[in-house]
Amino acid sequence: MARMAVEDGVTHMACTPHIIQGRYPNSTTTVLPAMKALQGHLDERGIPLTLVQGADVHVIYDLPLRLRRGEIPTLNGSRYFLLEPPHQVFAPFLEEFARRLLQAGYIPVITHPERLGWIRRRYDVVRRLHQLGCPLQLTAGSLLGHFGQEAEEFTGRIIEDGMGSIFASDAHGVRVRTPRLSTAMRLVAERWGAEMAENMFERRPAIMLADGNLPSITPRRSRRSSRVGWHQDIYATLNVFFRAGH
């Protein structure tokens, strides 16, 4: 996966295994040593990929406390961390939960909102989460139709409504759900412009990993353009977020 990512132009990858109460009991004490060990193997083999810590965290009632204690790994030790809402069952407390996290000084990045089973019925909730200050992380495969028509539709809608913050590979393997991002990046450039593509795949991820402040995002109208301002081997600062295997 690392070699495949590097060949596609990726330079940084966040190792973000799931944290699910009672199912995947990961924590900083398990993720960080594993990430460092893998980084050592990559370095020994001359694979130029920089790994950073993270986790894809499901709703945990005491999450603010566990973040404060350092038990839950944030993205590269920043205020940003990945929060995965329940997929099929809408959680009515989700907005208040996100507000609590923000008030505690942490920034939940909502993962793959376009793939949530309830997004069509509750798109207004996704909008309000973004308005609260929660970045939305879209999946590259959703834009390419790998997760069905609805996920593809809502990926475009979120971008056009000015709510799409970053793209991720959400990679799980080398045959399906791979760590490649370049095809999705080119498609974003064709539909919404090269600046949008650079923001979603390069600039905003870099800001988050550096614990910076994301600029506000304004709605964009879809447009087709044949001008893509780079070649695959030029955009060497491409970033990727992925879930380590489970």
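For clarity, every value in this text was computed on a predicted model and none was experimentally measured.
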Got Ile158 and His130 here, is their nearest side-chain heavy-atom distance under 4.5 Å? no
Working note: Leu138 + Phe154, criterion side chain to side chain contact (heavy atoms under 4.5 Å, CB included); need CA distance, chi angles, decisive distance, verdict. CA-CA 10 Å; Leu138 304 172; Phe154 277 99; over 6 Å; no
Can you tell me how far apart CD1 (Ile119) and CD (Glu150) are? Round to the nearest 0.5 Å. 7.5 Å
From Ile60 CD1 over to Arg66 CZ, what is the distance, rounded to the nearest 0.5 angstrom? 4.5 Å
Hey, are Glu96 and Arg99 close enough for a salt bridge, meaning a charged N less than 4.0 Å from a carboxylate O? yes
Roughly how far, to the nearest 0.5 Å, is CG of Leu181 from CD of Glu202? 10.5 Å
Which label fits His18 and His172: parallel for a plane angle under 30°, tilted from 30 to 60°, or perpendicular past 60°? tilted
Straight-line distance of Met196 CE to Glu190 CD, nearest 0.5 Å: 14.5 Å
Quick check: closest heavy atoms across Pro73 and Gly54, and the distance to 0.1 Å? CG-O, 3.4 Å
So, are Arg115 and Glu84 salt-bridged, with charged N and O less than 4.0 Å apart? no
Does any part of the side chain of Asp211, heavy atoms only, come nearer than 4.5 Å to the side chain of Tyr80, both counted from C-beta? yes
Can a cation-pi geometry be assigned to Arg121 and Phe90, taking NZ or CZ under 6.0 Å from the six-membered ring centre and within 45° of the ring axis? no
Do Tyr24 and Thr30 have side chains that approach each other closer than 4.5 Å (heavy atoms only, starting at C-beta)? no
Give the intermediate values and the outcome of salt bridge (Lys or Arg N to Asp or Glu O under 4.0 Å) for residues Arg120 and Glu153. CA-CA 10 Å; Arg120 189 174 296 280; Glu153 170 193 340; 2.9 Å; yes
Begin with the C-alpha distance, continue with both residues' side-chain angles, and end with the deciding distance and a verdict on side chain to side chain contact (heavy atoms under 4.5 Å, CB included) for Leu132 and Arg128. CA-CA 6 Å; Leu132 278 174; Arg128 287 197 296 271; 5.7 Å; no
Just checking Gln149: does its CD atom have more than 12 heavy atoms from other residues, nucleotides or ligands closer to it than 6.0 angstrom? no
Does the side chain of Pro215 come within less than 4.5 Å of Ile207's, by heavy atoms? yes
Quick one: are Thr183 and Asp8 in side-chain contact, heavy atoms under 4.5 Å? no
Assess whether side chain to side chain contact (heavy atoms under 4.5 Å, CB included) is satisfied between Trp118 and Val126, documenting all intermediate values. CA-CA 10 Å; Trp118 45 265; Val126 174; 4.2 Å; yes
Report yes if the side chains of Val6 and Ile47 come closer than 4.5 Å at any heavy-atom pair, otherwise no. yes
Could you see if Val31 belongs to whatever hydrophobic cluster contains Leu83? Use Ile, Leu, Val, Met, Phe, Trp, Tyr and a side-chain cutoff under 4.5 Å. no
As a quick check of understanding, evaluate side chain to side chain contact (heavy atoms under 4.5 Å, CB included) for Thr16 and Thr111, giving each step before the final call. CA-CA 11 Å; Thr16 58; Thr111 59; over 6 Å; no
Cluster question for you: counting only ILVMFWY and a side-chain heavy-atom cut-off of under 4.5 Å, with indirect links fine, are Val125 and Val89 together? no
Go through the structure and list residues passing salt bridge (charged side-chain N to carboxylate O under 4.0 Å, His left out) with Arg127, not counting sequence neighbours. Asp161
In chain order, what residues pass the side chain to side chain donor-acceptor pair (under 3.5 Å) check against Arg180, with sequence neighbours excluded? none
Using side-chain heavy atoms (C-beta onward) and a distance below 4.5 Å, is Arg191 in contact with Leu143? yes
Quick one: sort the Phe81 and Tyr106 rings into parallel, tilted or perpendicular, breaks at 30° and 60°. perpendicular
Considering only heavy atoms from C-beta outward, does the side chain of Ile19 approach that of Ser27 to under 4.5 Å? no
Nearest 0.5 angstrom please: Ile107 CD1 to Leu82 CG, how far? 12.5 Å
Looking at Gly212, is its backbone amide N or carbonyl O close enough to the side chain of Arg79 to form a donor-acceptor pair, meaning the two atoms are under 3.5 Å apart? yes
Polar side-chain atom of Arg45 near backbone of His41 as donor-acceptor pair, under 3.5 Å: yes
When you measure from the side chain of Glu114 to the backbone N and O of Thr139, does any donor-acceptor pair fall under 3.5 Å? yes
OG/Ser182 to CD/Glu7 distance, rounded to the nearest 0.5 angstrom? 11.0 Å
